[in-house]
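Worksheet: one structure, shown below.
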Amino acid sequence: MAETPKLQTHIEMKHVQPHPRFSAELTAEELLREQRIPFPFFRPLSQRKENTWVISLFVILHLIAFAATMIVNDCWGNSHAQCALKQLGRFSFQPLSENPLLGPSSSALDTVGALRLRYLVKDHQLWRIFTSPCLHAGVFHLLVNIISVVFVGLHMEQEFGPLRTGVIYILSALTGSSVAALFVQDRSSVASSGALFGLLGAMISGLIWNWKFYTKKLAAILVLFTILTSNAILGLMPYVNNFSNIGGFISGFLAGFVLLFKPQVGLGYPAKGGIFDYNVKRPLKLKQKFDKPVLRSVSLVIFTLIFAGVVVAVVEGVNVNRYCSWCRYIDCVPIKWWSCSDKTVTCETMINLEQLTLTCSNNGNFRVLPFTNISQGRIHDLCDLICS
């Protein structure tokens, strides 16, 4: 009987090299053990698409608020089609001579919750401190602010997570609006850029706090300084409150030292192509990088004192402009294209043959309008324009 051939199985064992893990895939403790810098300061945003919902939410809220402001403004109806970009109808803008930022009228901003001396001090409408951070003075202001918030905010979420980014954004917005209320004049102003300056301040303190983590730090500082400068210059124009920018920056800078004590490390890909590279090895001590209780405590105390002092001053109706005559030029610089005057002006009205004539009582300038059905708020807007 023939023997049955035996089946033989040959198993070849090969040593498989483990796939190297990138720095962005390691935990903070593993990074410290390997003594590697984990990630760049500005990494490609594609690495963290899932962690950008907070800034996206704030951007959507700003867009909704601006659309609502333009609906209230209704230049086509309230200004009788004397508008810029008339093709937009109800969403058309006030003439550039009235609003150089291509946006709504002063009375429309007052209606939706802008800051103004008469409403804060005389009428005690403190709720405007919460609404003014949501408003923009015009399309130019909206675009510059939103683009800056997206760039800075998404990178902050990428580095430090949505929770800390959201807290800093809200605290900076409220602090900036409160500081603006201390310097407010009797003209409409919005404080939406305060939150952006808070993010900028927090990014700077986060960079300082985690200085040894990053390379090309001067490039980051240059980028942040460029964004800060461009928005500060925009704050010198009418309707944009520059004091909210100052308050927001100080708030974000201090809050950054309190909250941005450790970058968030998660899954990702090699951060080549970003502003910073992370392929640098450097000794890093756990105690040095993740434990600075004194600095955090001092920053928290200073922030709390500043915030509490500003809130008390706002509630008491303090107006710093009484003690600082030159401070107004930090907020608005008058040139031939616009006026920064907050003086109370009056105009005489005369109706003749379905025409309305407004004459400034201060300088005698007048304007003839081919209609008479006009709201009182619109009369105040035109009176300010005639008398400026």
Side-chain angles (χ1 to χ4, degrees), residues 54 58 61 113-135 149 153 156 160-186 189-206 208-209 228 231-232 235 240-261 292-324 326-328 330-331:
V54 166
F58 288 137
L61 292 177
L115 298 175
R116 193 162 188 157
L117 181 64
R118 71 180 69 167
Y119 299 123
L120 284 175
V121 177
K122 298 179 181 179
D123 299 336
H124 301 287
Q125 297 180 2
L126 298 181
W127 54 267
R128 293 178 179 270
I129 294 176
F130 299 93
T131 55
S132 62
C134 303
L135 305 177
V149 166
M156 179 174 287
F160 301 101
L163 179 60
R164 287 183 281 183
T165 302
V167 170
I168 291 175
Y169 189 96
I170 294 175
L171 287 177
S172 301
L174 294 179
T175 305
S177 183
S178 300
V179 172
L182 295 179
F183 295 87
V184 70
Q185 301 182 48
D186 199 25
S189 63
V190 298
S192 54
S193 298
L196 166 63
F197 275 73
L199 295 180
L200 290 170
M203 288 289 273
I204 293 175
S205 60
I208 295 173
W209 182 272
L228 188 148
N231 283 273
V240 182
N241 198 298
N242 235 357
F243 287 105
S244 69
N245 300 340
I246 297 173
F249 181 83
I250 296 174
S251 171
F253 186 75
L254 294 173
F257 280 119
V258 177
L259 297 175
L260 306 186
F261 54 90
K292 295 182 181 179
V294 175
L295 180 59
R296 294 177 64 189
S297 301
V298 171
S299 300
L300 179 60
V301 170
I302 294 176
F303 172 79
T304 304
L305 292 176
I306 292 177
F307 185 78
V310 170
V311 170
V312 171
V314 170
V315 172
E316 294 296 325
V318 175
N319 187 0
V320 181
N321 290 313
R322 296 178 181 177
Y323 315 101
C324 180
W326 54 268
C327 286
R328 64 181 62 196
I330 298 177
D331 184 31

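- The closest side-chain heavy-atom distance from I246 to I330 is below 4.5 Å.
- S177 is listed as a side-chain neighbour of L115, based on a closest heavy-atom distance under 4.5 Å.
- Note that CG of N231 is 7.0 Å distant from CG of N245, once rounded to the nearest 0.5 Å.
- Atom OG of S178 sits about 7.0 Å away from atom CZ of F130, to the nearest 0.5 Å.
- Shown here for G206 and F160, the closest heavy-atom pair between the two residues is CA-CZ, 4.5 Å.
- Every residue two or more places apart in sequence or in another chain that forms a side chain to side chain donor-acceptor pair (under 3.5 Å) with S193 is listed here: H141, N145.
- Looking at C327 and N321, their side chains come closer than 4.5 Å, going by heavy atoms from C-beta outward.
- For the atom pair CG (L182) and OG (S244), the distance works out to 12.0 Å, reported to the nearest 0.5 Å.
- Considering V54, V149, L174 as possible partners of Y169, the one that fulfils the side-chain contact (heavy atoms from CB on, under 4.5 Å) test is V149.
- Taken to the nearest 0.5 Å, the CZ atom of F257 stands 10.0 Å off from the CD1 atom of I302.
- In this structure, the separation between CG on L199 and CZ on F253 is 14.5 Å, given to the nearest 0.5 Å.
- Scanning both residues, A195 and A173, for their nearest heavy atoms gives CB-CB, 3.9 Å.
- Partners of F249 by side-chain contact (heavy atoms from CB on, under 4.5 Å), not counting sequence neighbours, listed by chain and number: F197, I204, L228.
- Here the side chain of T131 pairs a donor or acceptor atom with the backbone of R128 at under 3.5 angstrom.
- When all heavy atoms of S189 and N241 are compared, the closest pair comes out as OG-ND2, 3.2 Å.
- Using a 4.5 Å heavy-atom cutoff, the side chains of V184 and N319 are not in contact.
- The closest side-chain heavy-atom distance from F58 to I170 is below 4.5 Å.
- V314 approaches A181 most closely through the heavy-atom pair CG2-CB, 4.1 Å.
- The shortest non-hydrogen separation linking S299 to L254 is CB-O, 3.7 Å.
- Atoms CG and CZ, on L117 and F183 in that order, are 13.5 Å from each other to the nearest 0.5 Å.
- A pairwise comparison of heavy atoms in R118 and K122 identifies O-CB, 3.1 Å as the closest pair.
- Looking at heavy atoms from C-beta onward, T175 lies out of side-chain contact with I250 at the 4.5 angstrom threshold.
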